[in-house]
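Because the structure is predicted, anything quoted here is derived from the model rather than measured.
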Amino acid sequence: MSGHRDEHLELCAGYALGSLGDEDRRILERHLAEGCPECEAALADFSSSVVALASSAPLAEPSPALRARVLDAVAGEAQGGALAERAGADRGRVIRMEPPRSSWTSWAWAAAAAALAIVSFLQWNIAERLRADLESKSKQLAETSQRLAEEQRWAAVLGAPDARVAELQITPAGIKALRARAVYDPKTRSAVLVFENFSAPAGKDYELWAMVPDGVASLGLIKADADGHATLRLENAGAPDALAGFAVSLEPEGGSPNPRAPTGPVVMVGKIGG
Ligand SMILES: [Zn+2]
């Protein structure tokens, strides 16, 4: 017979927590020595609870008392001998869970791990933002490079050594303000045309024509901006032996329905110079 009583369970709890006084501990140990399945089971239970408590403790804020004790311990460790004295004084007013250092240590590790996790997350966040930034900058750069290459290609037309120019003249049907100039590179067959004061009257469009041996061929509409300015870039204005010059007609909105014949008056015309 073990002589088990309910009070023994309370002693088991204290034992697991390491908070029993010497006398209580002796009572319980004597009882356990006689063999008590109930107390043994309770002790196993309490011990695993204490372990669980210790490992869950990191998630909670340390209490002011724990913080004070930790700071004391750190200060004491720094001062060597002072630790024992101070710890002795503390023992009088603070109920210590044994082993106190291990719960502090696990708390510190968990805090460090949490801090590391936060830092890692922030770093990941920053890296992610930088990556997205870099991606958009690379895209912008690629677009800018492409535009630059495009501009250089058209600038090359204007600066080509054997480029030919056509100054377009106003016909009696054209208004006096019209200005137009064409630069044609026979080598690439590209042409750049610049138009000024080309705001078309309401319901009308200016249309550009290539003068070819058998008549004219439409090169498209001249769409001016609000200031009446327009620039046309033609990839292929025609073969050097076929293209004699350029003409502009004033057409109903949308241009002539026939790409080989203007319907409206021809307002400008210009032959390509040598
Ligand atoms: Zn018992």
Side-chain angles (χ1 to χ4, degrees), residues 135-274:
E135 203 168 86
S136 97
K137 290 279 187 298
S138 306
K139 213 168 142 192
Q140 281 173 21
L141 184 63
E143 283 167 6
T144 304
S145 307
Q146 200 180 337
R147 270 206 307 277
L148 183 63
E150 179 95 355
E151 292 303 323
Q152 283 173 335
R153 199 162 62 79
W154 288 108
V157 172
L158 297 175
D162 44 356
R164 291 150 74 180
V165 176
E167 300 281 359
L168 277 69
Q169 307 299 317
I170 303 163
T171 69
I175 58 165
K176 296 278 175 289
L178 296 178
R179 298 282 178 277
R181 189 172 191 264
V183 178
Y184 169 70
D185 178 13
K187 201 172 150 197
T188 62
R189 300 186 178 187
S190 300
V192 178
L193 293 100
V194 180
F195 304 89
E196 301 294 346
N197 306 317
F198 262 74
S199 301
K204 304 275 184 181
D205 270 321
Y206 285 111
E207 187 163 356
L208 180 69
W209 303 87
M211 293 162 68
V212 290
D214 57 343
V216 291
S218 175
L219 291 173
L221 298 181
I222 302 163
K223 289 291 190 185
D225 62 18
D227 297 328
H229 175 87
T231 301
L232 277 189
R233 289 165 164 178
L234 305 172
E235 294 281 355
N236 185 6
D241 55 352
L243 182 67
F246 297 96
V248 176
S249 67
L250 186 61
E251 299 291 334
E253 199 164 19
S256 170
N258 185 347
R260 295 305 304 265
T263 63
V266 172
V267 295
M268 291 192 98
V269 66
K271 285 192 183 305
I272 289 173

So how far is it from [X] [atom1] to [Y] [atom2], rounded to the nearest 0.5 Å?
{"X": "Q146", "Y": "L141", "atom1": "CD", "atom2": "CG", "value": "11.5 Å"}
{"X": "R147", "Y": "Q140", "atom1": "CZ", "atom2": "CD", "value": "9.5 Å"}
{"X": "I175", "Y": "I170", "atom1": "CD1", "atom2": "CD1", "value": "8.0 Å"}
{"X": "I272", "Y": "M211", "atom1": "CD1", "atom2": "CE", "value": "9.0 Å"}
{"X": "I222", "Y": "S199", "atom1": "CD1", "atom2": "OG", "value": "12.0 Å"}
{"X": "D162", "Y": "K187", "atom1": "CG", "atom2": "NZ", "value": "7.5 Å"}

Do [X] and [Y] make a side-chain contact, defined as non-hydrogen atoms from C-beta onward lying under 4.5 Å apart?
{"X": "V192", "Y": "L232", "answer": "no"}
{"X": "T188", "Y": "E235", "answer": "no"}
{"X": "L221", "Y": "Y206", "answer": "no"}
{"X": "L178", "Y": "F198", "answer": "yes"}
{"X": "W209", "Y": "V248", "answer": "no"}

Quiz item: Given R164 and D185, is the salt bridge (Lys or Arg N to Asp or Glu O under 4.0 Å) satisfied, shown in steps?
Solution: CA-CA 6 Å; R164 291 150 74 180; D185 178 13; over 6 Å; no
Just by modelled atom types, is the [Y] backbone N or O under 3.5 Å from a matching donor or acceptor in the [X] side chain?
{"X": "E251", "Y": "G264", "result": "yes"}
{"X": "D227", "Y": "H229", "result": "no"}
{"X": "Q169", "Y": "E167", "result": "yes"}
{"X": "S249", "Y": "V266", "result": "no"}
{"X": "N197", "Y": "A177", "result": "yes"}
{"X": "S190", "Y": "N236", "result": "no"}

Kindly give the heavy-atom pair with the smallest separation between [X] and [Y], and that separation in Å.
{"X": "L193", "Y": "L234", "answer": "CD1-CD1, 3.6 Å"}
{"X": "A191", "Y": "A237", "answer": "CB-CB, 3.8 Å"}
{"X": "A217", "Y": "V212", "answer": "N-CG2, 4.4 Å"}
{"X": "P240", "Y": "Y184", "answer": "N-OH, 3.1 Å"}
{"X": "P252", "Y": "T263", "answer": "CD-OG1, 3.5 Å"}
{"X": "S256", "Y": "E207", "answer": "N-OE1, 2.7 Å"}

Self-check item: K223 vs D205, side chain to side chain contact (heavy atoms under 4.5 Å, CB included): CA-CA, chis, key distance, verdict
Solution: CA-CA 8 Å; K223 289 291 190 185; D205 270 321; 3.0 Å; yes
Quiz item: Does the pair V165 and R181 meet the rule for a side chain to side chain contact (heavy atoms under 4.5 Å, CB included), with working shown?
Solution: CA-CA 7 Å; V165 176; R181 189 172 191 264; 3.8 Å; yes
Exercise. Quick one: do R260 and D214 satisfy side chain to side chain contact (heavy atoms under 4.5 Å, CB included)? Show the steps, please.
Key: CA-CA 10 Å; R260 295 305 304 265; D214 57 343; 3.0 Å; yes
